[in-house]
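Right, one structure below, let's go through it.
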Amino acid sequence: MTKKTINLTVNGRMRAAFVAPRMLLSDFIRHELELPGTHVGCEHGVCGSCNVIVDGKAVRSCLMFAVQADGSEITTVEGYSTEGGLHPIQQAFWEEHGLQCGFCTPGMLAAAKELLEANPDPSDEDIREAISGNLCRCTGYEFIINAIRSAAKAMRDADIKNTLQPV
Ligand code: FES
Ligand code: FES
């Protein structure tokens, strides 16, 4: 199949690429852009470990083709931290022990980011709902909920409106 040129912004940087129409966005991010923080746990849209932020929404990158992201703005887990250190959501996962093996974590962070931008003061029920599409086989979820609750408070205290800064 004929390859197509795409242009997109990834973690604040303009990127251009020449990709086959069938290439998944997840494979494109991992193998072409060499950003392996985005994980692939099922390739069926079930586990959520491939979630990245596309134009402000957490989306399954395994269910999108790279060509569909042409013109989009994408943030992967590699784009969360700043020169000042970890993003408050990352810091909270660290402090509250919201990860063990870490495989689900980039997708969890994307789900948390989307939630906290829309709802800075979520209830535990809101948090459970927001991560209900993200599977974790290690933590039992409670520490993840604690982490997101703690991140929400830290961000409210710091009055962080835009939760992601390009590196
Ligand atoms: S790898 Fe995309 S949802 Fe599991
Ligand atoms: S920390 Fe291992 S799958 Fe979530």
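Just follow the structure's listing: the first ligand is 1, and inside any ligand the first atom is 1.
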#### Entry: Within 6.0 Å of CZ in Arg15, more than 12 heavy atoms from elsewhere
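Buried by this count: over 12 neighbours within 6.0 Å.
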### Task
Please report how many protein N/O/S atoms lie under 2.8 Å from atom 4 (Fe) of ligand 1.
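Protein heteroatoms (N, O, S) closer than 2.8 Å to atom 4 (Fe) of ligand 1 number 2.
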#### Entry: Set of residues satisfying side chain to side chain donor-acceptor pair (under 3.5 Å) with respect to Arg149, sequence neighbours excluded
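Only Asp124, Asn146 meet the side chain to side chain donor-acceptor pair (under 3.5 Å) criterion with Arg149.
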Subset of ligand 2 atoms that lie under 4.0 Å from at least one heavy atom of [X]:
{"X": "Cys104", "result": "1 (S), 3 (S), 4 (Fe)"}
{"X": "Gly102", "result": "1 (S), 2 (Fe)"}
{"X": "Gln100", "result": "1 (S)"}

Taking side chain as C-beta onward, heavy atoms only, is [X] less than 4.5 Å from [Y]?
{"X": "Asp70", "Y": "Asn7", "answer": "yes"}
{"X": "Leu116", "Y": "Pro122", "answer": "yes"}
{"X": "Phe28", "Y": "Leu35", "answer": "no"}
{"X": "Ile145", "Y": "Ile131", "answer": "yes"}
{"X": "Pro120", "Y": "Met155", "answer": "no"}

### Task
Using 2.8 Å as a strict upper limit, say whether an N, O or S atom of Cys138 approaches atom 4 (Fe) of ligand 2 that closely.
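Looking at Cys138, which is the residue asked about, there is no N, O or S atom under 2.8 Å from atom 4 (Fe) of ligand 2.
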### Message
Please determine whether Cys136 has a backbone or side-chain N, O or S atom lying under 2.8 Å from atom 4 (Fe) of ligand 2.
### Response
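So Cys136 does bind atom 4 (Fe) of ligand 2 by this criterion.
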#### Entry: Nearest non-hydrogen protein atom, atom 3 (S) of ligand 2
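That would be Arg137 N, 3.3 Å.
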### Task
Identify the residue among Lys113, Lys57, Arg60 that makes a side-chain hydrogen bond (donor to acceptor under 3.5 Å, both in side chains) with Asn51.
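Of all the options given, the one that passes is Arg60.
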#### Entry: Closest approach of Ala111 to Ala130 (non-hydrogen atoms, all atoms of both residues)
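Of all heavy-atom pairs spanning Ala111 and Ala130, the closest is CB-O, 3.8 Å.
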